[in-house]
Amino acid sequence: MALAGVRVIELAGLAPAPFCGMILADFGARVIRVDRTKVPMTVDTQARGKQSVALNLKNPRGVAVLKRLCVQSDVVLEPYRKGVMEKMGLGPEDLLKENPRLIYARLTGYGQSGSYAKAAGHDINYLAMSGLLSMLGRSSEKPYAPLNLVADFAGGGLMCAFGIVLALLERSRSGQGQIIDASMVEGAAYVGSFMWKSRSLGLWNRPRGENLLDSGAPFYDTYRTSDGKYIAVGAIEPQFYQQLIQGLGLYEADLPAQMSVSDWPQLRQTFTRVFASKTQEEWIRVFDGTDACVTPVLSLDEVLSHPHNQARGSFFKDSQGEISPRPAPVLSRSPAEPCHSRDPFIGEHTRSVLKEYGFEQAQIEQLLSAGIAECNEAKARL
Ligand SMILES: C[C@H](CCC[C@@H](C)[C@H]1CC[C@H]2[C@@H]3[C@H](O)C[C@@H]4C[C@H](O)CC[C@]4(C)[C@H]3C[C@H](O)[C@]12C)C(=O)SCCNC(=O)CCNC(=O)[C@H](O)C(C)(C)COP(=O)(O)OP(=O)(O)OC[C@H]1O[C@@H](n2cnc3c(N)ncnc32)[C@H](O)[C@@H]1OP(=O)(O)O
């Protein structure tokens with residue numbers, strides 16, 4: 001796999017850093033998540049393929065152990081508020097001094113500088129600060145955050161993984177590590193570059209929810225079908241729009257022009273009425289094999305059985321029967337091989353990882369009996 005041989009220490013976080021770690025693990029990196037001790041369960045739902053070491057970082061000996069893990073690894077991924085790592089003496093300067101090849105990734109909401117750097121926040125705040133949230137939502141409604149996809153995952157976890165891969169690539173030439181300051185505000189904004197760079201085209205001149213791609217246009221929207229399901233329509237180009245009209249059993253001559261914005265509300269009413277006359281399945285039969293850009297809105301449970309997804313193996317079931325998306329993109333020679341077994345228990349690999357990182361058996365037992373480290377091998381064997 002592309003990242004085979006790369007060792008990553010991931011400090012346990014909420015959502016973006018775990019996703020970043022999972023991407024790296026899917027593509028072959030060895031990802032060791034450092035968890036807290038004495039917690040009943042992890043909140044990391046993106047733990048596929050990771051190992052877990054539990055350390056009490058409120059104890060200087062726990063911090064010293066973490067330091068040893070970090071300086072012997074390729075990447076450290078930390079999701080804390082600015083200053084937390086420095087307070088423990090594990091800031092980038094301290095660690096890079098000991099391992100100049102280390103890639104030190106800091107994944108935060110607001111970045112390492114600026115007046116918000118130390119403020120708490122979540123996806124919705126970062127998205128708001130990126131400018132993008134102001135554009136999301138239906139006409140005359142308040143801004144609407146699309147789950148926590150944009151800042152946490154696209155602008156946060158994924159961008160940070162991208163930064164790590166870039167830094168690894170650069171290190172292969174320079175031999176030097178570096179610090180990655182991954183701000184979710186900036187990552188989200190960058191993902192949204194199209195919004196800024198397409199303003200000159202007039203794509204966003206109208207209020208929120210009244211433009212071509214923000215649910216303003218009736219030919220770029222979702223519609224309810226007679227069985228209470230939904231259909232997605234993305235028929236922008238005239239030749240595709242024609243096929244949509246044909247499939248709906250309508251005649252262009254009876255309709256306003258596609259790009260007549262003032263007629264969009266009326267056109268939407270027509271589409272709504274027609275889509276409501278058949279089930280989702282019936283519409284799929286009408287549109288499959290055409291270029292009308294019409295697809296079913298599938299639920300998370302339905303994706304696995306859709307013939308297209310099945311043909312590509314786009315989703316898979318792990319050993320617990322849980323459905324997940326296959327890692328993307330697909331590399332021809334060194335594709336990702338996502339781990340199919342269950343997620344690690346907190347501290348499941350404490351003993352084996354510490355041993356691998358050069359701790360003596362007696363030292364390990366001492367750390368465990370002092371409660372500085374915690375091991376849950378037994379639980380894993382049950
Ligand atoms: C919208 C998303 C978030 C969605 C996540 C949800 C899915 C989950 C959020 C809450 C979960 C529930 C909850 O935990 C309660 C239940 C728990 C149960 O186990 C499971 C069910 C739960 C209901 C559970 C269910 C779900 O999992 C949840 C609902 C996001 O937007 S995530 C993005 C957040 N932002 C960032 O990541 C940006 C960077 N980070 C930050 O800004 C801050 O970290 C943050 C997120 C604001 C949190 O601030 P906080 O004050 O809590 O921490 P920090 O200042 O960063 O400092 C960390 C301190 O922790 C110490 N520490 C770290 N590791 C250890 C260790 N191994 N041992 C000891 N101590 C440790 C560290 O030293 C710091 O201590 P100090 O504060 O003293 O310096």
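Keep in mind that the numbers below use all heavy atoms, side chains included, and drop hydrogens, waters and symmetry copies. All ligand and atom numbering here is 1-based and tracks the order in the structure.
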Which residue and atom name correspond to the protein heavy atom nearest [atom], and how close is it?
atom	value
atom 68 (N) of ligand 1	Leu57 N, 3.1 Å
atom 66 (C) of ligand 1	Arg36 CG, 3.4 Å
atom 64 (N) of ligand 1	Tyr80 OH, 2.9 Å
atom 77 (O) of ligand 1	Lys87 NZ, 4.4 Å
atom 55 (O) of ligand 1	Arg81 NE, 2.8 Å
atom 19 (O) of ligand 1	Met41 CG, 3.3 Å
atom 2 (C) of ligand 1	Asp152 OD2, 3.0 Å
atom 3 (C) of ligand 1	His122 CD2, 3.9 Å

Within ligand 1, which atoms have a heavy atom of [X] less than 4.0 Å away?
X	value
Asn148	1 (C), 2 (C)
Leu55	66 (C), 67 (N), 68 (N)
Asp35	67 (N)
Met184	36 (C), 37 (O), 38 (C)
Ala120	47 (C)

[X] near ligand 1, heavy-atom distance under 4.0 Å?
X	value
Tyr126	yes
Pro40	no
Gly109	yes

Checklist entry - Should the pair Phe153 and Phe19 be assigned to parallel (<30°), tilted (30 to 60°) or perpendicular (>60°) ring geometry? => result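 Ring orientation, 0 to 90° scale: perpendicular.
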Checklist entry - Honestly curious: do Val261 and Trp204 fall in one hydrophobic cluster under the side-chain, below-4.5 Å linking rule? => result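 Same cluster: Val261 reaches Trp204 through Ile, Leu, Val, Met, Phe, Trp or Tyr contacts under 4.5 Å.
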Item to check | Protein non-hydrogen atom below 4.0 angstrom of atom 33 (C) of ligand 1 present | outcome: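 Within 4.0 Å of atom 33 (C) of ligand 1, protein heavy atoms are found.
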Item to check | Flag: protein heavy atom within less than 4.0 Å of atom 39 (C) of ligand 1 | outcome: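 Protein heavy atom within 4.0 Å of atom 39 (C) of ligand 1: present.
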Determine, for [X] against [Y], whether the closest basic-nitrogen to carboxylate-oxygen distance falls under 4.0 angstrom.
X	Y	result
Glu302	Lys229	yes
Lys317	Glu322	no
Arg342	Asp318	no
Arg33	Asp343	no

Next on the checklist: Does Arg101 form a salt bridge (Lys or Arg N to Asp or Glu O under 4.0 Å) with Asp74? I'd like the steps, not just the answer.
Outcome noted: CA-CA 7 Å; Arg101 288 176 56 80; Asp74 298 284; 5.2 Å; no
Next on the checklist: Please find the pair of heavy atoms, one from Glu86 and one from Arg106, that lie closest to each other, and give the distance.
Outcome noted: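 The pair with the smallest heavy-atom distance is OE2-NH1, 2.9 Å.
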Checklist entry - With respect to atom 18 (C) of ligand 1, which of Val43, Ile346, Val84, Leu14 exhibits the smallest heavy-atom separation? => result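 Comparing heavy atoms across Val43, Ile346, Val84, Leu14, the nearest one to atom 18 (C) of ligand 1 lies in Val43.
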Next on the checklist: Which option wins on minimum heavy-atom distance to atom 44 (O) of ligand 1: Pro16, Pro18, Pro79?
Outcome noted: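 Going through Pro16, Pro18, Pro79 one by one, Pro79 has the nearest heavy atom to atom 44 (O) of ligand 1.
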Verify, without hydrogens or angle tests, whether [X] (side chain) and [Y] (backbone) share a donor-acceptor contact under 3.5 angstrom.
X	Y	result
Asn309	Val303	yes
Asn211	Gly216	no
Arg326	Arg312	yes

Item to check | Over-ring placement of Arg7 relative to Tyr357, 6.0 Å and 45° cut-offs | outcome: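 Because its charged atom sits under 6.0 Å from the ring centre and within 45° of the axis, Arg7 does stack over Tyr357.
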Next on the checklist: Does ligand 1 come near enough to Lys58 that some N or O of the ligand is less than 3.5 Å from an N or O of the residue?
Outcome noted: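 By distance alone, the answer is yes.
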